[in-house]
Amino acid sequence: MSKIYFIPGSQDLYGEECLQQVAADCREMTAFLNEKIGDVAEIVLLPTVETAQICVEDMKKVMDDDDCAGVITWMHTFSPAKMWIKGLQLLQKPLLHLHTQANEKLPYDKIDMDFMNLNQAAHGDREYGFILKKLGIRHQVVAGFYQHEDVIRQIRQFAEVANAIAFSKNVTVATFGNNMRDVAVTDGNRLECQIKYGWEVKYWGIGEIAERAKDAAPELVDEKMAEYESKYTMATDDTDAVRVQARYEVAFDQFIAENGISAFTDNFQDLHGLEQLPGIAAQNLMAKGIGFGPEGDYKISAFSAVLMKMAEKRAGATGFIEDYTYDLTPGAELELASHMLEVPASFALNKPEIQVHPLGIGGKADPARLVFDGVTGDGIQVTLIDLGDHFRIICADIELVKQPEPMPNLPVARIMYRHKPNFAIGTGAWCYAGGAHHSVVSTALTREDIALFAKLTDTELVVIGDDTTMADLNRM
Ligand code: MN
């Protein structure tokens, strides 16, 4: 369980009684927040900032604790902000400025100057907001009474995004082979990815997996087959082909565990030593939160792992997808999204079928894969591109829909969605923005989550949705 430290602000001019009340209110507040969002992160109260020295000590604790994903600050009283400069300069983790009060309503009949001195977030939080602005510290402000549902929702969201950012800082992507020859958008600056998001992109030859798959212990392969048979419907007689995938997944499992891997890529142009392109193996791993990018796409692999982490406590599906083909019926346009094989099992509407079919390209044996129709509901499609001098996140609102008719000859898993506000603007905007054909689709996350991630990681964000107009397209 990660931790979010809660640091209240005050000063030592108000006297002991006032400071004791501040601490008591903050204990009550953190206990309340733990009840509400303790499943996402433990909220831990640190000593009230009464002096610059306490602020430095608090921020050192934040930075020294590997389990701490972020910080919530709140000025219960006035807290002169010069006291915060040295401490804030140490802070390199997500920051939530909670603009709230211990009291919801004003006690009109009792209010006196003691009450005014004790409860002056309206005053103190403005002083504090100024210094955050002056120091250029990226942060989120949540304003409102801390017990209100919408405020709790936003604090929870902050904790989820902070957890994802903490996770991101420790992502290692294993790339098996390089980027697909000639493809542009999957390429980019790996070094910048590491500096900005923490992703260590490390190369291995696919022989690493081929060797392990060859040597996979039969009992582990049996276990994996039993897992497949319990989760999926075996719709093929060619169980040997399925067993090949089970061996691959055993190999990936071992490799991932030994090397601390959170995400990986492969490339169908470089499968030396493998009989099949990893199909079920990749699909099943993605459903367990392992990031995946085909064709050497390390960015979408790492990004999908980070977004799956962000969504881990929510209902809904999150994972890698590729834009494929359209139904362009006027006014009822739909996109059919899929991949050669590797669509995460988490997108399945019903129990997936294990099928074995030839693959048109790659020149390998017929691979076993999971085939299913996709989940439905409101969602987002989000991608990350490298523009050389900066990264850009593009996030589009979509509606995932039931496929209008069966597609009995299509031997891959698929999802379908409607673009917003309509096909012309939604897909036009994506093209203008330079959006990739690889993305992450999620029915668990919202544009607001992605916007918070972009803000806290200082990444350019382009959003597309019902509020996008034709006039916006030339500004993408
Ligand atoms: Mn692709």
Side-chain angles (χ1 to χ4, degrees), residues 173-188 190 193 199 201 203 206 209 245 248 252 263-271 274 276-287 290-308 317-326 335-347 357-364 367-372 374 380-386 392-394 396 398 407 410-417 419 427 430-431 433-442:
V173 188
T175 68
F176 296 105
N178 207 328
N179 297 80
M180 182 179 169
R181 288 186 280 277
D182 300 326
V183 176
V185 79
T186 53
D187 219 325
R190 293 155 204 244
C193 277
W199 306 338
V201 184
Y203 174 91
I206 192 68
I209 295 303
Q245 294 283 337
Y248 294 168
F252 279 120
F264 72 101
T265 71
D266 62 16
N267 181 346
F268 71 93
Q269 290 174 323
D270 180 4
L271 294 175
L274 298 186
Q276 302 178 14
L277 175 66
I280 299 178
Q283 294 178 284
N284 202 43
L285 281 165
M286 281 188 267
I290 299 295
F292 174 76
E295 294 113 48
D297 191 344
Y298 55 90
K299 292 191 296 297
I300 209 67
S301 181
F303 199 33
S304 67
V306 169
L307 296 185
M308 284 189 279
T318 301
F320 161 78
I321 201 72
E322 174 170 278
D323 299 281
Y324 239 110
T325 191
Y326 296 129
E335 171 158 348
L336 173 59
S338 182
H339 205 256
M340 288 163 72
L341 302 177
E342 312 93 330
V343 178
S346 34
F347 283 142
H357 302 277
L359 200 60
I361 48 179
K364 289 283 172 178
R369 80 287 303 269
L370 300 172
V371 180
F372 54 82
I380 54 168
Q381 179 180 22
V382 52
T383 194
L384 173 76
I385 57 170
D386 184 340
R392 167 181 273 193
I393 291 172
I394 301 149
I398 56 171
M407 292 179 255
L410 187 67
V412 286
R414 79 294 299 237
I415 59 176
M416 293 195 76
Y417 42 85
H419 297 274
T427 61
W430 190 272
C431 289
H437 50 81
H438 286 170
S439 61
V440 179
V441 160
S442 177

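Only a predicted model underlies this, so the values are computations on that prediction, with no experimental measurement involved. We're numbering straight along the sequence, starting at 1. Whatever order the structure lists them in is the order used to number ligands and atoms, beginning at 1.
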Asks: Kindly give the atom name of the N, O or S atom of Glu295 closest to the Mn ion (ligand 1).
Replies: OE1
Asks: Which single N/O/S atom of Glu322 lies at minimum distance from the Mn ion (ligand 1)?
Replies: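 Nearest to the Mn ion (ligand 1) within Glu322's N, O and S set: OE1.
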Asks: Give me the one residue out of Asp297, Thr383, Thr186 that meets side-chain hydrogen bond (donor to acceptor under 3.5 Å, both in side chains) with His438.
Replies: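 Option passing the side-chain hydrogen bond (donor to acceptor under 3.5 Å, both in side chains) with His438: Asp297.
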Asks: Report the name of the N/O/S atom of His438 located nearest to the Mn ion (ligand 1).
Replies: NE2
Asks: Working to the nearest 0.5 Å, report the span between CD1 of Ile398 and NE2 of His419.
Replies: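 Taking CD1 in Ile398 and NE2 in His419, the distance rounds to 7.5 Å.
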Asks: Using a cut-off of strictly less than 2.8 Å, determine whether His339 has an N/O/S atom near the Mn ion (ligand 1).
Replies: yes
Asks: For Phe372 versus Gln283, what's the shortest heavy-atom pair and its separation?
Replies: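 Residues Phe372 and Gln283, closest heavy atoms: CE2-NE2, 4.2 Å.
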Asks: Return the minimal non-hydrogen interatomic distance between Ile321 and Ala337, and the atom names on each side.
Replies: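 Closest heavy-atom pair between Ile321 and Ala337: CG1-CB, 3.6 Å.
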